[in-house]
Amino acid sequence: MTDMEPDLNAMQADLRTLVETESPSSDPTAVARVTAIIEDWARDLGAAVHALPGGTAELSFGVQEGQKYLLILAHADTVWPHGTLAHMPMNEHGARLYGPGSYDMKGGIVGLFEVLRAMRRDERWPTGGVKVLVSPDEEIGSGSSRGHIEAAAQQARAVLVIEPPVADSHNLKTGRKGTGNYVLTLSGVASHAGNRPELGASAISAAAEAVLALEALADHAKGTTVSAGLIQGGSAANVIAASARLEVDVRVATVTEGERIDHAIRSWKPGNKRVRVEVSGGLNRPPFEESAATMQLFGQAQQIAADLGFQLGHEIVGGGSDGNFTAPIAPTLDGLGAPGDGAHASHEHIRLDRWADHVKMLHQLMLEV
C-alpha cells in the first residue's frame with residue numbers, strides 16, 4: 001500500500017495558480033496559458049512534452065515505443081468566462097475550498113501531479129510509463145482533441161480520467177451517457193396573419209409540433225432523455241412565421257438507443273408539407289457503457305480505498321467526458337479527480353478533508369493497473 005503523504009499546502013498553492021489563470025473554452029489563448037503551466041510542471045519531472053494540433057498537450061513519462069502505457073485524461077478549459085474571479089474569488093470555508101474550475105477539473109490536475117512527483121521521487125513508475133493528454137476544449141465537445149484521445153487509447157493498457165468524482169457521494173464513474181445536440185432549421189411561408197393566414201405555412205407551428213414529437217422519443221427506463229432547450233422563430237406577431245430554429249439535447253445510455261434517436265430525429269417531418277426542415281448536429285460523444293473491464297478497474301480502486309480506510313462506490317452519470325471516447329477502445333475508469341461539488345455552479349468547491357485520500361488512492365491505482 002502507498003506510503004505517499006500528499007502535501008495539502010503545496011496542492012492548494014498549485015490549485016490557486018491554475019484557478020487564478022482563467023481559461024474559458026471560448027478563449028484558446030487563455031486555455032493555452034493554463035496548459036503552459038502544466039507543461040512546465042511536466043518538464044520539471046523529466047517528461048517529454050509535445051504540443052499536438054489544436055492545442056492538446058501530450059506529456060509522456062517513461063513511455064517506450066511499442067509498449068502499452070497508462071493513459072490519463074485531463075482538460076485545461078473551464079465553463080467560466082473571463083472576470084468570474086472578480087465575483088467568485090478563491091476562498092476557504094471550513095473543509096471546502098471554493099473557486100471557479102477548482103472541482104471541474106483543475107483540482108484533478110493538481111492531484112495527478114502530486115502523484116507524478118511522488119513517483120519521480122521514488123523512481124517508481126507504472127509498467128510501460130504514463131501518457132497524459134490535456135485537452136483544451138472538453139467543455140465544448142472536444143472537437144480538436146477527440147482524434148488525439150482516440151489514437152492514444154489504441155496503445156493504452158487502461159485509461160484513467162481525472163474528472164471529479166460524483167458530487168456528495170464522492171463515488172467514481174463507471175459509465176456515462178452519450179451526449180448529442182441537434183439543430184432543426186424550419187423554413188415555412190410568410191403571410192399576413194390577419195388578411196391571408198391561409199396562404200402561410202408557419203415554421204413556429206412546425207417547431208412546436210417537433211418539440212412534442214421529439215421529446216416523446218425519451219425512454220426514461222432506458223436512460224434516454226430528449227429535451228428541447230432553445231427555440232427561436234418568426235419576425236413579427238402579425239406575420240405567419242417563415243422561419244424557426246430548434247435546439248434539442250439528447251442523452252443516451254447505449255449505442256442502440258443513440259442509433260434509434262438519431263434516425264428518428266433525422267427522419268422527422270412536419271405535418272404541413274410546405275414547411276421544410278433541415279437537421280444538423282448529432283451525437284458528439286458515444287455512450288460510455290459500463291463494462292466488465294471498467295468494473296475490474298473500479299474493484300481495484302475500491303479495495304485500495306478500503307485499505308486506506310474509506311468507502312468507495314460507483315455510479316453511471318448523465319454528463320459526458322473524454323472518457324466516452326476511450327471506453328469503447330480501452331478499459332476506462334472516470335471520476336478520479338478531486339472530491340467536492342458544484343461543477344458549473346457558483347458554489348463550486350473541493351473537499352480538503354477528502355482530497356488527500358483520493359490522491360493516495362490514485363497513486364496506488366496507477367502503480368497497480
Side-chain angles (χ1 to χ4, degrees), residues 70-75 78-79 101-109 111-112 115 132-133 135 138-139 141-142 146 149 153 156 158-180 222-225 251-255 257-258 283-306 310-345 348-351 354-355 357-359 361-362 364-366 369:
L70 181 61
L71 178 61
I72 310 292
L73 300 182
H75 66 86
T78 75
V79 300
S102 56
Y103 175 62
D104 184 17
M105 61 174 296
K106 292 177 176 179
I109 295 170
L112 170 65
V115 167
V132 180
L133 291 187
S135 160
E138 189 274 343
E139 296 290 4
S142 303
R146 176 176 181 171
I149 292 165
V159 183
L160 304 180
V161 186
I162 54 170
E163 291 281 355
V166 178
D168 295 330
S169 69
H170 313 299
N171 289 336
L172 301 190
K173 299 167 182 177
T174 52
R176 288 179 177 271
K177 291 183 181 181
T179 62
K222 294 181 178 178
T224 301
T225 61
R251 310 280 167 142
V252 292
T254 66
V255 171
E257 275 296 276
L283 289 173
N284 62 0
R285 294 186 192 274
F288 171 174
E289 296 190 47
E290 190 174 85
S291 67
T294 289
M295 290 309 297
Q296 182 176 343
L297 286 175
F298 169 71
Q300 290 179 263
Q302 187 179 47
Q303 183 58 57
I304 293 167
F310 69 99
Q311 293 184 334
L312 187 67
H314 69 96
E315 298 180 34
I316 297 173
V317 297
S321 81
D322 287 337
N324 288 59
F325 301 133
T326 62
I329 302 170
T332 300
L333 183 62
D334 204 333
L336 289 155
D341 195 359
H344 304 188
E348 182 172 4
H349 65 270
I350 62 170
R351 288 282 298 269
R354 291 179 173 268
W355 198 9
D357 280 342
H358 281 250
V359 170
M361 177 189 65
L362 176 62
Q364 187 64 31
L365 183 63
M366 288 175 64
V369 169

Note: Leu172 and Ala301 closest approach over all heavy atoms is CD1-CB, 3.8 Å

Minimal heavy-atom distance between Ala338 and Pro164, with the atoms involved, is O-CB, 3.6 Å

So the salt bridge (Lys or Arg N to Asp or Glu O under 4.0 Å) pairs with at least one residue in residues 335-345 (sequence neighbours excluded) are none

task: State, yes or no, whether a side-chain contact exists between Gln300 and Leu297 at a heavy-atom distance under 4.5 Å.
output: yes

Quiz item: Going through the checks in order, is the side-chain contact (heavy atoms from CB on, under 4.5 Å) test met by Glu138 and Ile149?
Solution: CA-CA 11 Å; Glu138 189 274 343; Ile149 292 165; over 6 Å; no

The reported gap from CD in Gln303 to CD in Gln364 (rounded to nearest 0.5 angstrom) is 11.0 Å

Across all chains, not counting sequence neighbours, the side chain to side chain donor-acceptor pair (under 3.5 Å) partners of Thr179 are Asn284

- Glu348 side chain to Ser102 backbone, donor-acceptor under 3.5 Å: yes

Where do Leu70 and Met366 land on the side-chain contact (heavy atoms from CB on, under 4.5 Å) test, with the steps shown first?
-> CA-CA 8 Å; Leu70 181 61; Met366 288 175 64; 3.8 Å; yes

Do Leu73 and Leu71 make a side-chain contact, defined as non-hydrogen atoms from C-beta onward lying under 4.5 Å apart? yes

Check your understanding: Hey, are the side chains of Glu289 and Val255 touching, using non-hydrogen atoms and a 4.5 Å cut-off?
Key -> yes

Between the CG atom in Asp357 and the CZ atom in Arg351, the distance rounded to the nearest 0.5 Å is 11.5 Å

Exercise. Would you check if the side chain of Tyr103 reaches a backbone N or O of Pro165 as a donor-acceptor pair within less than 3.5 Å?
Key: yes

**Item:** Heavy-atom side-chain contact between Met295 and Thr174 under 4.5 Å
**Value:** yes

In this structure, NE2 of His344 is separated from OG1 of Thr78 (nearest 0.5 Å) by 8.5 Å

Distance col, row Thr254:OG1 vs Lys222:NZ, nearest 0.5 angstrom, shows 7.5 Å

Between the main-chain N or O of Leu336 and the side-chain N or O of Lys173, is there a donor-acceptor pair closer than 3.5 Å? no

Please tabulate, for side-chain N and O atoms in residues 315-331, each donor-acceptor pair with protein atoms closer than 3.5 Å (sequence neighbours left out).
from: Glu315; atom 1: OE2; to: Ser169; atom 2: OG; distance (Å): 2.8
from: Glu315; atom 1: OE2; to: Asn171; atom 2: ND2; distance (Å): 2.8
from: Ser321; atom 1: OG; to: Arg176; atom 2: NE; distance (Å): 3.1
from: Ser321; atom 1: OG; to: Gly323; atom 2: N; distance (Å): 3.0
from: Ser321; atom 1: OG; to: Asp334; atom 2: OD2; distance (Å): 2.7
from: Asp322; atom 1: OD1; to: Ser142; atom 2: OG; distance (Å): 2.5
from: Asp322; atom 1: OD1; to: Arg285; atom 2: NH1; distance (Å): 3.1
from: Asn324; atom 1: OD1; to: Ser321; atom 2: N; distance (Å): 3.0
from: Asn324; atom 1: ND2; to: Lys177; atom 2: O; distance (Å): 3.1
from: Asn324; atom 1: ND2; to: Pro286; atom 2: O; distance (Å): 2.7
from: Thr326; atom 1: OG1; to: Gly323; atom 2: O; distance (Å): 3.2
from: Thr326; atom 1: OG1; to: Thr332; atom 2: OG1; distance (Å): 2.9

Hits for side chain to side chain contact (heavy atoms under 4.5 Å, CB included) against Gln302, two or more places apart or cross-chain, chain-then-number order -> Phe298

So the salt bridge (Lys or Arg N to Asp or Glu O under 4.0 Å) pairs with at least one residue in residues 290-301 (sequence neighbours excluded) are none

Problem set entry | Candidate pair Leu333 and His314, rule side-chain contact (heavy atoms from CB on, under 4.5 Å), full reasoning | CA-CA 10 Å; Leu333 183 62; His314 69 96; over 6 Å; no

Between Ala158 and Val369 the two heavy atoms that sit nearest each other are CB-CG1, 3.5 Å

Taken in chain and number order and not counting sequence neighbours, the residues that satisfy ring-ring contact (aromatic ring centres under 6.0 Å, His included) with His358 are Phe310

In short, Leu312 meets His170 closest at the heavy-atom pair CD1-O, 3.7 Å

